[in-house]
Each structure stands twice: as C-alpha cells, then as structure tokens.
Amino acid sequence: MKTIAILGSTGSIGRSTLRIVSEHSGRFSVGALAAGRNWRLLAEQIREFRPRLAAVLDDEVARDLKVALGRGTPTDIVTGERGYGQAAALSDCQLVVSAMVGAAGLRPTLAALAAGKALALANKESLVIGGALVTRLAREKGVRILPVDSEHSAIFQCLEARASDVRRILLTASGGPFRTRPSAELAGVTPEEALRHPNWTMGAKITVDSATMMNKGLEMIEAKWLFDCDLDRIDVLIHPQSVVHSLVEYRDGSVMAQLAVPDMRIPIAYAMAYPERLETPARRLDLSAAPPLEFFSPDEERFPCLALGRQAGLTGGTMPAVLNAANEVAVDAFLGKRVGFMDIPRLIAGVMAKHRPADGSGLDEILEADIWARQAAAAWIDEANPGQ
Ligand SMILES: NC(=O)c1ccc[n+]([C@@H]2O[C@H](COP(=O)([O-])OP(=O)(O)OC[C@H]3O[C@@H](n4cnc5c(N)ncnc54)[C@H](OP(=O)(O)O)[C@@H]3O)[C@@H](O)[C@H]2O)c1
C-alpha cells in the first residue's frame, strides 16, 4: 500500500488523482490532502478518503471546513504555509502529488523533497521559477521527480536511453482554442472563449495559458530542468489532435513518441505507480479510427508568449520567476476582464524588460523577484486602465 499526500486535491489534477486512488484502493491510501479555499469539496474528500491531515489556505477556510465536518473528525486541520509544509512532509506518506496551481506550489514542493518523499510533479511553476533549487534538492535527497504534465511524462517514457544520445526534445501543443484565429481577431477574444479548450478539461489558469501558448513557454523551462537539456535543443510542435504527447529525437535519426487519448489519468497514474503501469478507465487509442494526426510549426508572431518563455529560460536567474508572476497576474486580470487577451504578452514583456535579473539560486531571491513582478504587473494594469 502506498500512502500519498495530494497538494491541490480540489483542483483538476487533484480530483483525477483521487479518482485513481478510488479505482485502486488496494494499492493507494491518502495520508494528507491540501487545498486552497474550496472547503466544501475538501470536506467531501476528507469524508471519503479519511486522511490523517488536511491543510487549507487560512484560518477562515479552516473554520468553515471544521463546521462542515462536524465534531469527532479524525483529520487534523492545519493552515497556511506551515500547514502545507506539514502535509508535504507527513511521515505516513511515501509519495507527494504536487498539484497546486502557480508559484504557491514552490514551497510545498521543496518541503516534500526536503522530507525525501517521492514526488509526482504537476505544479510546473515550481520548476519554472525554482528549477535550480528544486533539482538540486532532489539530487541531494536522491529523489527522482516523476513528471505529471502529459508532455513531460511522454518524454520521460521515451527517455529510457542514454541522455547523451538525445538530439532534441519535441514538446507537442494542441495550439489551444485560437490556433487558427487571425491575429486581428485575437485582441477581442473573451475569457469564455479562452476557457473552451478543444481537447483538455483543466483548471482556469492553465487553460488560459494554453490559449496564449504561455503553457508551452513554461513547459520548455520545465523540460530544461527535468531532463537537464539546453533550451536550444527543446522545440515545440503544434499537434491539434493531442494524441502524440511529445517526442524525443536521437542522434541516429530515431524518434520516440508516446501516444494516448488526451486523458490526464494516464500520466498521473504512471507517476503514481512508477515503474509499474496501472489499468486506467481512459479510452483506448484506436489509430485506425482516429482522425489524421497533423503537425505544424508554431506561429510565434500570433502567440508571443512562446518566445517570452524561451527568452526568460535563456536569461535564467530570477527572470523565469518574473515571467511566471507577471503571467499569473495577467491571466487573473484577463479572467476578470480588466485587460484584453493580447495585453497578456504585452504586460509580461513590459515587466520582463524592467527586471534586472539576479542569480536566482536562493529561495529568498526568487520570492523577492516574484513579489516585485506582481507589483510591476499591477502597476502596468493601472497604467493601462487609468481611472478604474
Ligand atoms: N489540469 C491539467 O490537466 C494539467 C495538466 C498538466 C499540468 N497541470 C499543472 O498542474 C497544476 C494544477 O493545475 P489544475 O488544472 O489542477 O489547477 P486547478 O484546477 O485550478 O486547481 C488548483 C489547485 O490549487 C489550489 N490552490 C490554488 N491557489 C492556491 C494557493 N494560493 N495556495 C494553496 N493552494 C492553492 C486550489 O485550491 P482551491 O480550489 O481549494 O482554492 C486547487 O486545489 C498547475 O501547475 C498546472 O499547470 C495541470
């Protein structure tokens, strides 16, 4: 029996992880759950999975959660950064699934590694902003990071050969809901349209990141750290059907790819049971009945976030933390209809241009850059919307 902690249990990845636990209840049990504000769903999860510990954002959420659970619940409720750290390091758990969204996932990810837990990593932002820290700690603790992102899971599965023989990594991208939208129309697209992803059902932030293609910008940096591969050997390939989840090209010309229907339960289950494979209820891939598989080069003029991601990754230091924070603020403002879709790359480029990157090898420096970038992004929005 493997006991797991799920950070971000109320989110899209967290809920899928719990579904896998239910389907394999003889193999997995839940030791800790951590969520943000959704105490209603967390209360249901606690009743069903009976973890020893549950962590939420603050005392107010904890109060509502305790009322919902009633007296006599065996689960300890803890709060804030300290509580997330406790959930990540709980002695009962062997595996931590890190699936919070955004920079908030960094500290709990580090706490899991510091405690020597096996780590199934969905929270790509912790590698984007703290890649050097996270990978150094994993090495020190002898922990292998198991990627949950479907593209990185695909690469991980294709990379069971010598890394020195790899010529390049090809990350596939669906192209999102605006893949074929002319540039003139992109400025006017609405949050509702951006949230309608053609292939995947995901949380709001990553769905908007897919629409702007910042998701691929973040994933290039994630892949650099996960697979110790220079950014000039990481390319993006548009593949609208989301069947080929990524590819690795070797120096002899061979290309390895991992294929499956787009269903996150497959990469999550692989990370949870690695190196074994579990039965999943995902639909089987029938290539003879599948639509033609298409591949295109990305259009970086219509989707400037891709180039911004690469630029931040190449600059390194604190620049990826700035890219990430500016993006989180910009996506939030877009969802709140305070800025337009094409303001997202404009805002990020504006904030990045003002940043003087520091080395970024320490947590304090990264968090300072994150706070600076959030303030710079808020100022950018105020300037763009005077009087609001
Ligand atoms: N969804 C996918 O298919 C997918 C695929 C690949 C990678 N990922 C990555 O996986 C991560 C999670 O994505 P998602 O789509 O599952 O996101 P989501 O549905 O928005 O869920 C986010 C989770 O994080 C929690 N959370 C949000 N802000 C928090 C904070 N400040 N402190 C603590 N917890 C907080 C939320 O809690 P409450 O809801 O309780 O507030 C929720 O449990 C992201 O890094 C994303 O890039 C997702």
Side-chain angles (χ1 to χ4, degrees), residues 101-103 124-125 128-129 171 173-197 202-224 231 234-238 296-316 318-357 369-370 372-385 388:
V101 66
K124 67 188 76 184
E125 294 88 347
V128 170
I129 71 177
L171 289 170
S174 69
F178 307 132
R179 181 174 64 84
T180 55
R181 205 57 86 89
S183 11
E185 289 177 23
L186 282 176
V189 300
T190 63
E192 291 74 19
E193 288 174 283
L195 288 172
R196 239 173 273 138
H197 196 280
M202 310 182 284
K205 190 249 176 190
I206 184 175
T207 307
V208 175
D209 285 347
S210 296
T212 60
M213 293 212 62
M214 177 55 88
N215 191 40
K216 257 353 96 167
L218 301 178
E219 286 180 4
M220 284 193 285
I221 305 175
E222 184 185 13
K224 161 187 143 88
L231 281 164
I234 303 174
D235 288 332
V236 171
L237 194 59
I238 304 294
F296 309 101
S297 293
D299 180 345
E300 293 197 5
E301 274 180 29
R302 276 189 311 132
F303 297 100
C305 284
L306 202 49
L308 290 171
R310 187 178 300 107
Q311 186 194 327
L314 287 170
T315 306
T318 46
M319 195 57 99
V322 166
L323 167 96
N324 179 70
N327 181 55
E328 287 189 27
V329 174
V331 169
D332 195 53
F334 170 67
L335 288 171
K337 305 199 173 175
R338 284 175 288 127
V339 301
F341 185 73
M342 292 310 287
D343 286 329
I344 298 175
R346 258 182 238 123
L347 182 161
I348 298 165
V351 173
M352 281 172 65
K354 285 191 179 153
H355 183 58
R356 299 283 155 267
D370 176 277
W372 174 85
R374 283 171 203 273
Q375 287 165 349
W380 192 98
I381 295 169
D382 286 345
E383 272 171 38
N385 303 308
Q388 273 201 6

*Quick check: does any side chain N or O of Arg302 sit under 3.5 Å from a backbone N or O of Arg181, one acting as donor and the other as acceptor?*
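The answer is yes, because a donor-acceptor pair under 3.5 Å joins these two groups.
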*asked:* Between Glu219 (side chain only) and Leu171 (backbone N and O only), is there a donor and an acceptor less than 3.5 Å apart?
replied: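 Answer holds: no.
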[atom1]/[X] to [atom2]/[Y] distance, rounded to the nearest 0.5 angstrom?
X      : Y      : atom1 : atom2 : answer
Asp299 : Thr180 : CG    : OG1   : 11.5 Å
Asn215 : His197 : CG    : NE2   : 8.0 Å
Trp380 : Asp343 : CH2   : CG    : 4.0 Å
Ile348 : Asn324 : CD1   : CG    : 9.5 Å
Phe341 : Glu185 : CZ    : CD    : 12.5 Å

*Audit row: Met352, Thr315, side-chain contact (heavy atoms from CB on, under 4.5 Å) steps and yes/no*: CA-CA 10 Å; Met352 281 172 65; Thr315 306; 5.9 Å; no
Exercise: identify the closest heavy-atom pair between [X] and [Y]:
X      : Y      : value
Ala103 : Glu328 : N-OE2, 2.7 Å
Cys305 : Thr212 : CB-O, 3.5 Å
Val128 : Leu218 : CG2-O, 3.4 Å
Phe334 : Val189 : CE1-O, 3.8 Å
Ala194 : Pro177 : O-CG, 3.8 Å
Ile129 : Ala321 : CG2-CA, 3.5 Å

*asked:* How about CD on Glu301, more than 12 heavy atoms from neighbouring residues, nucleotides or ligands closer than 6.0 Å, or not?
replied: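 No, CD of Glu301 has 12 or fewer neighbouring heavy atoms, counting only those of other groups under 6.0 Å.
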Answer yes or no: is there an ion pair linking [X] with [Y], defined by an N-O contact shorter than 4.0 Å?
X      : Y      : result
Arg196 : Glu193 : no
Lys337 : Glu192 : yes
Arg338 : Asp332 : yes

_Steps toward side-chain contact (heavy atoms from CB on, under 4.5 Å) verdict (Val329, Val351)_ = CA-CA 11 Å; Val329 174; Val351 173; over 6 Å; no
*asked:* By the definition side chain to side chain contact (heavy atoms under 4.5 Å, CB included), identify the one residue from Leu314, Asp235, Val236 that meets it with Met220.
replied: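 When Leu314, Asp235, Val236 are each tested with Met220, the side chain to side chain contact (heavy atoms under 4.5 Å, CB included) holds only for Val236.
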*Please determine which of Lys216, Lys205, Met202 meets the side chain to side chain contact (heavy atoms under 4.5 Å, CB included) test together with Ser210.*
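In the set Lys216, Lys205, Met202, the residue that makes a side chain to side chain contact (heavy atoms under 4.5 Å, CB included) with Ser210 is Met202.
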With a 4.5 Å cut-off on side-chain heavy atoms, are [Y] and [X] touching?
X      : Y      : result
Asn327 : Leu308 : no
Leu347 : Ile381 : yes
Lys354 : Val322 : no
Met213 : Ile238 : yes
Arg346 : Val339 : no

*Under the side-chain contact (heavy atoms from CB on, under 4.5 Å) rule, what do Leu323 and Ile221 come out as? Steps first, then yes or no, please.*
CA-CA 11 Å; Leu323 167 96; Ile221 305 175; 4.1 Å; yes
*Should Gln311 and Met319 be marked as a side-chain contact (heavy atoms from CB on, under 4.5 Å) after you check the CA-CA gap, both sets of side-chain angles, and the distance that decides it?*
CA-CA 9 Å; Gln311 186 194 327; Met319 195 57 99; 5.6 Å; no
*Parallel, tilted or perpendicular: rings of His355 and Trp372 (30°, 60°)*: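 It falls in the tilted class, 30° to 60°.
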